[in-house]
Every structure is written in structure tokens, then in C-alpha cells.
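Here's the structure we're looking at; comments come further down.
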Protein chains: 2
Amino acid sequence: MNLILLFKEDFIAPQRVRLSGDRKDHIQSILKAKAGDALCVGLCDGLIGRGTVVENETEVVLEVNFDQSPPDPLPLTLILALPRPPVLKRVLLCAASLGIKNMIILNFNRVEKSLWNSSALKTAAIQEQLVLGLQQAKDTRMPEVILEERFKPFVEDRLPGLIKGTLGLVAHPAGNGPCPHNIKGPVTLIIGPEGGIIDYELEKLVQLGFKPVDLGPRILKVESVLPYMIGRIGLAF
Amino acid sequence: MNLILLFKEDFIAPQRVRLSGDRKDHIQSILKAKAGDALCVGLCDGLIGRGTVVENETEVVLEVNFDQSPPDPLPLTLILALPRPPVLKRVLLCAASLGIKNMIILNFNRVEKSLWNSSALKTAAIQEQLVLGLQQAKDTRMPEVILEERFKPFVEDRLPGLIKGTLGLVAHPAGNGPCPHNIKGPVTLIIGPEGGIIDYELEKLVQLGFKPVDLGPRILKVESVLPYMIGRIGLAF
């Protein structure tokens, strides 16, 4: 938690917040902050600033001032095959920490259908990981996560609009060549399921202009593929 | 487990192995392999090939043939500040899956001393994560992991030899510029502790020729920094 993310409901006065739960525990047990200490805080979807500890006994109260913009969003839309719940959690946190603001969790043939019933897909569970990712990365802009449980209608109706004006990449072991380095423009990135993307799905994506890109001879975990690809295409800075 | 890693002690005949533990469970419960099925196998520090299931009842026996070389090692030495045990586990697995063969776990001022007593540093615990990483990535070459509990003697006595002939990079938020892209030659990469590298340590590293490189405005978790850096410097393929 390199930044404490604040929400409207935390405010008890125009420049004063009262914190509970994880954030309170973190300030008390990990940071061991004392009255007068200044902590990095950020307003959800707003500015970054400093929070000075006013009270830190039964409750934690901070006096807050905001003066900096959060880092720029990554110009990338991530389309991710729904992974198993523990992987989903780590990937959501990682994606949020990387500055990805638009994510679509999509069904693929090799996604086990029962995964769509996972409690990790509940709005509050997704939000929890996104908040952790923003707090890790000192960011405040909340990503949007959309769940798309049907591949074909999404690909036919929504994907043509999403790829427009962007470089469409799909990470695929039998790609048409190595993933490009250091891209400047916006990207739409697809990361398929662990079991791979089937031919029918790949054809649909290629028809829309997606370029299958190779990640080398090794098969990485999804939670490694994502930062690997972001580092490689170099959009972050 | 995209490859089943085999060890000398698994062999019950020149081309026949008997498996137990995780690998047996994986073959029976996840792969649900039947007699006659062919699985991807690799000999530790040797070739990759196919293992045909001969028996899969009370014990799992495979008939094995090896014919392919494992992927080339990554020309990179990783020097990592000792992280907390759960992070260490994930980073070891990730590093092994990325093809890193030389890792040094180093002490820094901001590494909590008690972490050096962690059971995650025992040889068997480290080996377990490396095997998982190799099996994930379809690799067979076992990485070497060295523990260095004292910063100064390591940096003064061993590091000059390690950086020689390589590009030395140290990931540092206040780096001297962005991390370079798509490097061809060998690299020595240092990833410091969560709390950061102190000035004295950074000076020692810079004196030896290490270049502090910036990773952008966001603070990433160590397990994301590593694949991010590897993707960015592009040594993998």
C-alpha cells in the first residue's frame, strides 16, 4: 500500500477522512504511523496528495490535501480469457498496478464454464483487487472491468469498435512472429486461456485485424504474461 | 505443468520412469491420462521428449524418449533483494519460467533480518519452486540460486566479476532514465527491496557500473517487475 485510496464516504469534513478496515489496519500495524505523520493518499478518480495523521487510536483520522495528478492511464485495452479465481485476483491487481483502465473478461472455448459462477467475479471482489492494485502503484483512476460471457456476439458486435484505431495483438504460442517492441500508439491486447485459443477463435480475431504474436519458446503463467507484454510493448512510459 | 520434469531417481529401467507425489497426482487428477497417452516430459538438465503412459493405476509408469533440446537459457543474472516468503516463492517460480539460470538472493539494508531464517530459503523449498517454474515453461535446465546474506563483501568481492562483460541494470524509482528496450547482450539485473535501495547501496552499485533505470511512475510488485523488465529488455527471444 504505497498510497491510501480514499472514497467519498470516508470524508467526515471537507478535508478530513475517517478510515476503517484494511486501510486503518495498514496505517496502524504496518506503517505504525503516529499523529503528525504524513502519508501518501489519493482520491478515487481524483488527485493525489498527503494525509496527515490527526488521530490514530480507536479510529484513524487524516487531514488531507490534494495537489498532484495521478499517472497517465496506459493506452491499452486488455481482453483476458477468464482464468481460475486465484489467478484472476492476481491478474486484476497486476493489471490495475500497471495502469490498465479498460479490461474485458471474455469467455473462450477452453474456459471452464463453471468458472463463470465464481464469487471472484462479483463486483465487490473485483473492486477489492483493483483497489489493491491502485494502492500498490500510487494511482487513483479506477479501471473498468466488463464481463463478457459469450465469445461470438462480443467478437462480432463489440470488438470491431474496440480495435478501431488501435494495434490489435493476441498473445499466441504459434504467433506469426515475435511481439513488437516499444509501440507508441494505443493497443488492444488479447490474452487467451491457459489451454490455448482454438482455431475458430483465432480466425475470428485475425479477421478483425488482430496480429497473433509469439512470446518465445516458454509458456508463462498469465500473471507473468501480462507484465511481460506491457514491458515489451513499452507503453507505460 | 506443461512438461513433467524427470530425475535420475525416477528411472526403473533405461527408458522407463515411475512417478510419485505431485507429478503422479497431476497425471491422474488433472491430465486424467490413460494408458497409451503421450505426455511432454523432460530430463532435468537434459533433453525434452515424450512419455507414453504404460501404467496408471496404483502407480504411474511412463515409457520415455528424448529428442529435443530445451530452450536456450536467458543471458541474464538476476540479483534479487530477499523478499517475504510468499513473494520469494512466486518470484523463484516466475524467474525459472522466464529462463533465468543464475540468481543471487542478496541482503540489502531494507531487508528485514528475520527473513533470512525463513524456511522458504531451504534448499528443498527453493528447488520446489524452480521445478514448478521449469515445468510451467517446458524447460529442463535447473537454475542455480545462491544466497548472499552480506551486502558489502558480496558487492566488493563477487559483483565486479559478475558484471564484467554484461550490461548492469538496477531497477530504481529514481533511475537515471527509462529502462532500455530490446538489448542483445548479457545483462546483470538487480531488483532491490520493497522499501527501496538506500543511497550507500546505490552508490556502491553505480561505482561498479550499474545503471539505475526508471520503471515509470508506478510502483509494481516484485513479481510483476521481473517479467516486466524481461519483456522490456527483450532477451527472451
Side-chain angles (χ1 to χ4, degrees), chain A residues 1-3 30 40 48 68-74 86 90-91 93-100 132-139 171 173 175 177-183 194-196 213-237, chain B residues 1-3 30 40 48 68-74 86 90-91 93-100 132-139 171 173 175 177-183 194-196 213-237:
Chain A
M1 210 183 279
N2 296 303
L3 170 146
I30 310 288
C40 180
I48 294 173
Q68 291 169 55
S69 298
D72 288 337
L74 212 66
R90 288 197 291 269
V91 175
L93 194 161
C94 177
S97 76
L98 286 162
I100 297 171
L132 290 173
L134 293 178
Q135 295 189 137
Q136 166 68 36
K138 290 195 170 188
D139 196 355
C179 176
H181 269 280
N182 206 7
I183 298 164
E194 269 191 22
V213 289
D214 204 324
L215 297 185
R218 292 186 175 81
I219 304 173
L220 302 178
K221 283 178 177 269
V222 179
E223 55 261 54
S224 302
V225 168
L226 180 60
Y228 180 91
M229 289 288 285
I230 301 299
R232 185 156 176 123
I233 62 185
L235 291 168
F237 64 107
Chain B
M1 210 180 280
N2 296 304
L3 170 147
I30 309 289
C40 181
I48 293 173
Q68 291 169 55
S69 298
D72 288 336
L74 211 65
R90 289 198 291 270
V91 174
L93 193 161
C94 176
S97 76
L98 286 163
I100 297 171
L132 289 173
L134 293 177
Q135 294 188 140
Q136 165 68 38
K138 288 194 171 189
D139 196 354
C179 177
H181 269 279
N182 206 5
I183 298 163
E194 270 191 20
V213 289
D214 204 326
L215 298 184
R218 293 188 175 79
I219 303 173
L220 302 178
K221 283 178 177 270
V222 178
E223 54 261 54
S224 302
V225 169
L226 180 60
Y228 180 91
M229 289 287 285
I230 301 299
R232 184 155 177 125
I233 62 184
L235 290 168
F237 64 106

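These values consider heavy atoms only, across backbone and side chains, with no hydrogens, waters or symmetry-generated copies. In what follows, chains carry the letters A, B, and so on, assigned in the order in which the sequence lines appear, proteins first and then strands, with residues in each chain numbered from 1.
The closest donor-acceptor contact from the side chain of A:Arg232 to the backbone of A:Cys179 lies under 3.5 Å.
Contact of A:Leu93 with chain B is made through the side chain alone, with heavy-atom distances under 4.5 Å.
When B:Lys221, B:Met229, B:Glu194 are compared by the number of non-hydrogen pairs under 4.5 Å with chain A, B:Lys221 comes out ahead. With chain B as partner, the option from A:Cys94, A:Ser97, A:Gly133, A:Pro70 having the largest number of non-hydrogen pairs under 4.5 angstrom is A:Ser97.
The CZ atom of B:Arg218 sits 12.0 Å away from atom CG of A:Leu3, with the distance rounded to the nearest 0.5 Å.
Scored by the side chain to side chain donor-acceptor pair (under 3.5 Å) test, B:Gln68 finds no partners at all (sequence neighbours excluded). When the side chain to side chain donor-acceptor pair (under 3.5 Å) test is applied to A:Glu223, the partners found at least two apart in sequence or on another chain are A:Arg90.
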